[in-house]
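Notes follow the structure.
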Amino acid sequence: FPLNWARASAAVAEGRRLGFFEGLSRTIDFGAGLGSATLALLHGSGYEGRALAIDASQEALALFSKLSGPLAPRIDFEANAAWRPQKIDA
């Protein structure tokens, strides 16, 4: 987790520098696992939107939720290997 979070944080910092996250209100993290990418985005990018974390493992998402701390209310968790696309309102 720490190495993946550090890598994701570096990518998020570059995306922020380039203005990549401006105007985004919702993200989806397929195969979220422990949430390294989502937590890096929500923690350090200035991104104020919500995230949907999808993973086949309920256990991984449960730990992700615990690791999320105060960011957890901005994350929807879905454990479902057969996730189907849904409309996401912007």
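All values below were derived from every heavy atom in this structure, side-chain atoms included, with hydrogens, water molecules and symmetry-related copies excluded. Source: prediction; values computed, not measured.
- A pairwise comparison of heavy atoms in G49 and L42 identifies O-CD2, 3.9 Å as the closest pair.
- Looking at heavy atoms from C-beta onward, I54 lies out of side-chain contact with D29 at the 4.5 angstrom threshold.
- Between the CG atom in D76 and the CD1 atom in I28 there is a gap of 10.5 Å [rounded to 0.5 Å].
- Taking the side chain as every heavy atom from C-beta outward, L52 and F77 never approach each other to under 4.5 Å.
- Between R74 and Y47 the shortest side-chain heavy-atom distance falls below 4.5 Å.
- The shortest heavy-atom contact between V12 and A40 is CG1-O, 3.8 Å.
- Nearest heavy-atom pair, Q58 versus A79, reported as atom, atom and distance to 0.1 Å: OE1-CB, 3.0 Å.
- The shortest side-chain heavy-atom distance between R50 and I75 does not fall under the 4.5 Å cut-off.
- Taking the side chain as every heavy atom from C-beta outward, L41 and T27 approach each other to under 4.5 Å.
- The minimum heavy-atom distance between D55 and G33, with the atom names listed, is OD2-N, 2.7 Å.
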Compile the donor-acceptor pairs under 3.5 Å between side chains in residues 61-69 and protein atoms, sequence neighbours left out, one pair per line.
from	atom 1	to	atom 2	distance (Å)
S68	OG	F64	O	2.7

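- Hydrophobic clustering keeps L3 apart from L34 (ILVMFWY residues linked when any side-chain heavy atoms are closer than 4.5 Å, directly or through intermediates).
- Residues satisfying the side chain to side chain donor-acceptor pair (under 3.5 Å) criterion with E14, sequence neighbours excluded, are R17.
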